Amino acid sequence: MMKRCLILMMILGAVLTLSGCGKSYEEDARKTVNQYFAAVKDADLDKAKTYCSPNVDNEFDFDDYKAGFQKQFEALNLSEKTKKQTEEFIDYCIRSSIESYEVGEAEKSEDWDDAYTVPVSIKFRDISDIDIETGQAAANQKLQQYVKDNEDELEKVYTQQGEDAFEKKIMGDTMGIVLGEMKKLIDGQKPEERTAEATVIRKDDRWVISKMTAD
């Protein structure tokens with residue numbers, strides 16, 4: 001009788017342990033997705049990458065978006081101070097793209113072992129159409145006024161310091177105007193309700209996002 005009770009207790013203990021692991025795995029998968037979006041919301045894309053597998057298939061490719069903006073700004077003749085302005089603006093764009101998000105409950109994947117799917121409801125701004133030219137067009141009147149107000153000084157800089165200094169001064173003086181107009185366009189865009197689904201897998205004793213799809 002004692003032996004039978006001991007065996008029964010061992011079986012029950014094993015069942016409870018397995019059940020507990022499953023629940024913990026669900027929470028870990030959900031936490032990974034939440035941490036990923038929290039990092040993106042903070043415009044910390046390097047940190048966001050730590051919650052993804054190296055070859056993640058992600059429809060929200062914020063890295064490409066950031067690289068596209070950086071390429072536009074790199075083509076301009078900017079001082080170090082103005083470059084910092086553009087970097088802060090890019091971070092603003094990343095933060096603004098996700099107004100809010102809500103991570104749902106994780107469910108065991110039917111297709112993969114040690115994998116869960118996690119739904120996410122997102123209020124998302126697609127601001128990929130906003131670029132430097134859009135900002136310059138929006139700021140056109142202010143830029144014309146700047147040239148009118150500073151014509152003599154600009155001519156002096158060009159004559160005495162050369163074309164490079166001339167371009168950097170214009171960019172330094174007007175970039176804030178352009179970026180300000182671009183921010184207005186971003187803020188005025190109404191976020192759309194989107195639904196995403198993250199596939200989270202266990203890799204090297206960690207949970208990472210291997211795929212992110214969106215409607």
Side-chain angles (χ1 to χ4, degrees), residues 32-52 56 58-103 120 122-150 153-154 157-158 161-194 196 209 212 214:
T32 297
V33 176
N34 189 67
Q35 289 173 322
Y36 167 80
F37 278 100
V40 172
K41 193 80 174 65
D42 288 338
D44 191 344
L45 298 188
D46 287 336
K47 186 176 181 180
K49 288 178 187 176
T50 66
Y51 303 113
C52 300
V56 61
N58 191 349
E59 288 191 28
F60 294 103
D61 199 339
F62 296 103
D63 283 315
D64 274 0
Y65 179 77
K66 183 173 183 175
F69 252 128
Q70 287 174 329
K71 188 175 181 179
Q72 290 183 55
F73 288 126
E74 285 169 2
L76 304 175
N77 191 357
L78 305 178
S79 67
E80 290 304 315
K81 182 179 178 181
T82 310
K83 285 179 183 177
K84 187 173 181 182
Q85 271 186 296
T86 63
E87 289 167 3
E88 290 171 351
F89 171 75
I90 293 172
D91 286 347
Y92 180 85
C93 290
I94 300 297
R95 288 194 298 269
S96 298
S97 63
I98 297 180
E99 183 172 278
S100 63
Y101 66 93
E102 185 175 347
V103 180
V120 189
I122 308 167
K123 286 188 177 180
F124 182 76
R125 286 188 180 92
D126 184 2
I127 52 181
S128 57
D129 290 336
I130 297 175
D131 55 20
I132 299 296
E133 290 183 2
T134 306
Q136 288 174 334
N140 183 56
Q141 188 173 348
K142 292 180 180 179
L143 294 177
Q144 288 185 21
Q145 188 62 47
Y146 163 80
V147 173
K148 183 179 179 181
D149 293 343
N150 296 275
E153 184 181 359
L154 291 172
V157 170
Y158 184 83
Q161 300 179 41
E163 186 176 349
D164 185 71
F166 173 76
E167 289 181 357
K168 284 184 177 178
K169 175 167 178 56
I170 291 177
M171 288 297 172
D173 289 349
T174 63
M175 186 58 71
I177 298 172
V178 174
L179 297 182
E181 292 301 316
M182 293 172 76
K183 284 182 180 181
K184 287 180 184 178
L185 293 173
I186 292 168
D187 293 342
Q189 187 173 24
K190 186 178 179 180
E192 299 177 349
E193 297 279 353
R194 298 191 65 181
I209 298 169
M212 182 84 71

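Just so it is clear, the structure is predicted and the values come from calculations on it, not from any experiment.
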4.5 Å side-chain heavy-atom contact, [X] and [Y]:
X: Thr82; Y: Lys168; result: no
X: Gln72; Y: Phe69; result: yes
X: Thr86; Y: Met175; result: yes
X: Tyr65; Y: Ile127; result: yes
X: Gln141; Y: Gln144; result: no
X: Asp91; Y: Glu87; result: no
X: Ile98; Y: Val40; result: yes
X: Tyr51; Y: Val56; result: no

If you take all heavy atoms of [X] and [Y], which pair is closest and at what distance?
X: Phe60; Y: Arg194; value: CE2-NH1, 4.1 Å
X: Ile122; Y: Val120; value: CG1-CG1, 3.7 Å
X: Tyr36; Y: Ala48; value: CD1-O, 3.5 Å
X: Gly176; Y: Gln85; value: CA-NE2, 3.7 Å

[atom1]-[atom2] distance between [X] and [Y], expressed to the nearest 0.5 angstrom:
X: Tyr101; Y: Phe124; atom1: OH; atom2: CZ; value: 15.0 Å
X: Cys93; Y: Met182; atom1: SG; atom2: CE; value: 6.0 Å
X: Leu154; Y: Glu167; atom1: CG; atom2: CD; value: 12.0 Å
X: Gln145; Y: Ile177; atom1: CD; atom2: CD1; value: 10.0 Å
X: Ser97; Y: Gln189; atom1: OG; atom2: CD; value: 10.5 Å
X: Tyr146; Y: Asp173; atom1: OH; atom2: CG; value: 3.5 Å

Asn77 versus Asp164, side-chain donor and acceptor atoms under 3.5 Å: yes
Residues Glu80, Lys83; criterion salt bridge (charged side-chain N to carboxylate O under 4.0 Å, His left out); working and verdict: CA-CA 5 Å; Glu80 290 304 315; Lys83 285 179 183 177; 3.3 Å; yes
Glu192/Arg125 salt bridge by N-O under 4.0 Å criterion: no
Carboxylate-amine/guanidinium contact Glu181 Lys184, below 4.0 Å: yes
Glu153 and Lys169: CA distance, side-chain angles, deciding distance, salt bridge (charged side-chain N to carboxylate O under 4.0 Å, His left out) verdict: CA-CA 10 Å; Glu153 184 181 359; Lys169 175 167 178 56; 3.3 Å; yes
Whether over 12 other heavy atoms sit under 6.0 Å from Glu102 CD: no
Residues, nucleotides or ligands: over 12 heavy atoms within 6.0 Å of Lys41 NZ: yes
Under 3.5 Å donor-acceptor, Asp42 side chain and Asp44 backbone: no
Test: Lys183 cationic atom under 6.0 Å from Tyr92 six-membered ring centre, within 45° of axis: yes
